[in-house]
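Values reported hereafter were calculated over all heavy atoms of this structure, with side chains retained and with hydrogens, waters and symmetry mates removed. Below, read A as the first sequence line, B as the second, and so on, with proteins coming before strands; counting in each chain starts at 1.
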Amino acid sequence: MARRTRIAQLLFVTKSGGTYTVSGWVRSIRVSGDVAFIVLNDGSNLSGIQLVLERSRLPEFETLCRIGTGAALQAGGELTDSPAAGQRFELRVTDVSVVGDAAPDYPLQKKRHSFEYLRSIAHLRPRTNTFGAVFRLRSRLAQAIHRFFGERDFLYVHTPIITASDCEGAGELFRVTTLPPNSAPRNEGGEIDFSRDFFAQKTGLTVSGQLEGELFAQAFGDIYTFGPTFRAENSNTPRHAAEFWMIEPEMAFADLADDADLAEEFVRFMCLFALEACGEEMAFFDQHIEKGVMERVHSVAEAEFVRMDYTEAIRHLEKAPVAFQYPVHWGLDLQTEHERYLTEQVVGGPVFVLNYPKDIKAFYMRRNDDGRTVAAMDLLVPKVGEIIGGSQREERLDLLERRMQELAIAREPLWWYLDSRRWGSSPHAGFGLGFERLIMYLSGMENIRDVIPFPRTPRHAEF
RNA sequence: UCCCCAGUAGCUCAGUCGGUAGAGCGGGUGACUGUUAAUCACCAUGUCCGUGGUUCGAGUCCGCGCUGGGGAGCCA
């Protein structure tokens with residue numbers, strides 16, 4: 001096939017002239033007497049390009065007027081200034097071929113569709129304006145994440161997808177097994193004998209790469225993971241999916257304050273990146289998805305991130321002139337309503353809540369000297385609440401083992417994790433960030449199913 | 001998993017007091033020398049989510065189920 005020019009690249013020129021070939025899919029076709037207009041989009045940008053087809057120049061004009069919305073087209077012609085409003089340039093077509101026609105029952109109409117309907121045709125929705133913008137943003141953000149950590153000499157580590165450690169309490173695991181479901185071998189007690197499974201033990205899909213990440217941090221200093229994560233929770237909300245991507249940096253020789261500094265720098269970097277590198281998409285979100293999203297993202301990038309102790313946060317909530325559904329007291333895990341009140345009403349911007357009661361946090365978090373809190377942090381932002389959760393990890397073997405005992409977490413399966421505290425254990429800290437929640441935050445999209453190409457949620461694994 | 005709401009044409013929805021189904025968009029056909037979700041005219045389209053019940057009669061009322069959405073919990 002003829003060499004094609006990406007439409008985004010083509011429209012980047014400063015003046016008309018020159019002949020080009022573009023390939024893409026028909027978004028709209030308008031016929032008016034002896035001239036027809038086709039908006040062709042190749043996914044490289046939002047606008048696409050207007051093709052101008054003239055009866056006098058194209059012998060196949062009549063047939064071309066009958067192609068359907070959604071058809072694949074390759075068109076060559078001259079780039080000219082457009083005499084009409086709506087676009088700067090257009091392509092005056094001299095040569096065109098219908099690569100793949102589209103029948104009139106093409107499900108994407110030239111009108112607004114509900115996100116619910118578009119989810120049912122997830123194989124076609126990337127051809128819409130909204131999902132084009134979402135997935136271009138997603139792709140660029142993914143690359144920006146590597147850039148952020150790469151520039152800071154963080155080592156990118158691929159932690160395992162299949163894992164045997166399920167003792168983090170981070171959520172239900174999807175089981176990975178090759179045992180036959182109906183005739184799995186049993187032991188004497190009648191239970192399934194996983195010693196005869198593929199890995200000779202019970203295994204599942206990872207719920208977090210953190211524990212393995214810590215091991216690499218104890219060798220490379222600063223590391224990060226960025227990969228798929230799985231939770232078999234029956235969560236039916238716009239913010240949860242069974243398969244999502246998580247970013248987990250981990251730093252050796254670092255404490256909770258260093259951790260918060262990194263998180264702040266990271267969020268600021270992503271906000272600025274979205275505004276600068278995805279301007280067309282952000283403008284689209286601002287206009288069609290969430291009015292004011294650009295201003296919101298901009299203000300977060302500019303804001304000073306407040307740091308507040310959990311105990312102080314509770315004091316603020318206790319004297320809040322609002323009736324919370326969950327009454328506030330020290331020891332309570334903050335609910336979404338509390339988090340949003342803190343970031344939206346008390347602070348009016350991003351806020352780190354630090355040093356939570358130990359009983360509401362995970363076993364690996366470092367015990368503070370007061371004996372009742374741990375060095376944990378959550379970053380709360382307006383509109384969504386928690387966007388980042390992290391902590392300084394317990395690097396003292398005796399305290400870690402004692403905590404595991406208190407929580408009845410078996411030590412044997414985590415012998416390697418405990419070993420990292422035995423030789424050259426250093427204070428270290430890290431955090432976890434759900435990639436999709438970052439995309440939602442930056443785009444204003446309100447449902448996680450609409451920022452994942454083919455989302456996996458309870459009862460949904462099609463496509 | 002719990003609570004609330006919804007399910008009617010391809011899509012988005014209306015449907016009054018229970019009386020046998022409509023609009024806009026999309027699609028088809030035609031008109032139109034430059035359109036911008038083009039415009040204008042004409043045409044076609046229904047398992048009213050399923051199931052059981054109440055009733056002379058159910059899209060409409062009631063029970064159960066399924067599906068979707070929102071909220072909560074869990075969390076990222």
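- When distances are taken from the side chain of A:N447 to each of B:G27, B:U1, B:G69, the shortest belongs to B:G69.
- Looking at heavy-atom distances under 4.0 Å, A:D105 makes no contact with the nucleic acid at all.
- For the pair A:H460 and B:G68, the criterion of a side-chain N or O lying under 4.0 Å from OP1 or OP2 is met.
- Classification of A:K361 and A:D378 as a salt-bridged pair holds, one side-chain N sitting under 4.0 Å from a carboxylate O.
- The P atoms of B:G46 and B:G63 are separated by 31 Å, rounded to the nearest whole Å.
- Taking atom C1' on both nucleotides, B:A72 is separated from B:U20 by 42 Å, rounded to a whole Å.
- Within 4.0 Å of A:P83, counting heavy atoms only, lies at least one base atom of the nucleic acid.
- No contact: A:E436 has no heavy atom under 4.0 Å from any strand.
- Residue A:I388 is out of contact with every strand shown, counting any heavy-atom pair closer than 4.0 Å.
- Using a 4.0 Å heavy-atom distance criterion, A:A85 is classed as a base contact.
- At a threshold of 4.0 Å, the pair A:R268-A:E265 does not count as salt-bridged, since none of the basic side-chain nitrogens sits closer than that to a carboxylate oxygen.
- Within the 4.0 angstrom heavy-atom criterion, only backbone atoms of the sugar-phosphate kind lie near A:P238; the bases stay farther away.
- Here A:R66 lies in heavy-atom contact (under 4.0 Å) with sugar-phosphate atoms only.
- For A:D34, taking side-chain heavy atoms from C-beta onward, the closest of the listed nucleotides B:U35, B:U67, B:U33 is B:U33.
- For the pair A:I67 CD1 and B:G28 C1', the computed distance is 17 Å after rounding to whole Å.
- A:E54 comes within 4.0 angstrom of no nucleic acid atom, judged by non-hydrogen atoms across all strands.
- In this structure, A:R119 places its CZ atom 16 Å from P of B:C11, rounding to the nearest Å.
- To the nearest angstrom, P of B:C75 lies 11 Å from CD of A:E339.
- Regarding contacts with the backbone of B:U39, every side-chain N or O of A:R30 stays at 4.0 angstrom or more from both OP1 and OP2.
- Taken from OH in A:Y356 to OG in A:S391, the straight-line distance is 11.5 Å, to the nearest 0.5 Å.
- Using C1' as the reference atom, B:U39 and B:C25 are 15 Å apart when rounded to the nearest Å.
- With B:U35, B:A72, B:G70 as the candidates, the nucleotide lying closest to the side chain of A:R449 is B:G70.
- For A:Q109, counting side-chain heavy atoms from C-beta on, the closest listed nucleotide (B:C25, B:G69, B:U33) is B:C25.
- Side-chain contact check for A:E290 versus A:R296: some heavy-atom pair is nearer than 4.5 Å.
- Of the candidate nucleotides B:G28, B:U35, B:G71, B:U35 has the atom lying nearest to any side-chain atom of A:E90.
- The aromatic rings of A:F454 and A:F463 lie tilted to each other, with the angle between the two planes from 30° to 60°.
- Which of B:G69, B:C74, B:G34 sits closest to the side chain of A:Q50 comes down to B:G34.
- Residue-to-nucleotide contacts include no donor-acceptor pair under 3.5 Å from the side chain of A:S235 to the base of B:C75.
- Rounded to whole Å, the separation between the C1' atoms of B:G19 and B:U55 comes to 12 Å.
- Taking the side chain of A:R459 as heavy atoms from C-beta on, and the options B:C75, B:G26, B:U67, the nearest nucleotide is B:U67.
- Below 30°, between 30° and 60°, or above 60°: for A:F226 and A:F435 the angle between ring planes is above 60°, a perpendicular geometry.
- At the heavy-atom level, A:S28 lies under 4.0 Å from the strands shown only through sugar-phosphate atoms.
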### Query
Does the pair A:H113 and A:F115 meet the rule for a ring pair (Phe, Tyr, Trp, His ring centres under 6.0 Å), with working shown?
CA-CA 6 Å; A:H113 286 293; A:F115 288 148; over 10 Å; no
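- Look at the P atom in both B:G24 and B:C43: the space between them is 12 Å, to the nearest Å.
- Comparing B:C48 with B:U33, their C1' atoms sit 46 Å apart, to the nearest whole Å.
- When heavy atoms are screened at a 4.0 angstrom cut-off, A:H113 is found touching the sugar-phosphate backbone but no base atom.
- Nearest-nucleotide assignment on RNA chain B puts the 5′-proximal partner with A:P458, out of A:R239 and A:P458.
- Residue A:V31 is in base contact, counting any heavy-atom pair closer than 4.0 Å across all strands shown.
- Between the P atoms of B:U60 and B:C17, the separation comes to 15 Å (whole Å).
- Comparing B:U1, B:U12, B:U33 against the side chain of A:Y117 picks out B:U12 as the nearest.
- Across all strands, A:S114 comes closer than 4.0 Å only to sugar-phosphate atoms, never to a base (heavy-atom distances).
- Side-chain proximity of A:E116 to B:U1, B:G68, B:C74: nearest is B:G68.
- Residues A:G33 and A:N236 both approach RNA chain B. Their nearest nucleotides, taken by heavy-atom distance, put A:N236 toward the 5′ side.
- Comparing the P positions of B:A44 and B:A23 gives a spacing of 11 Å, expressed to the nearest Å.
- We find that CE of A:M440 is positioned 18 Å from P of B:C75, with the value rounded to whole Å.
- Across B:G28, B:U35, B:U12, the shortest atom-to-atom separation from the side chain of A:K111 is found for B:U12.
- Within the 4.5 Å cutoff, the side chain of A:K358 has no heavy atoms near those of the A:T373 side chain.
- As judged by a 4.0 angstrom heavy-atom cut-off over every strand, A:F230 is placed among residues making no nucleic acid contact.
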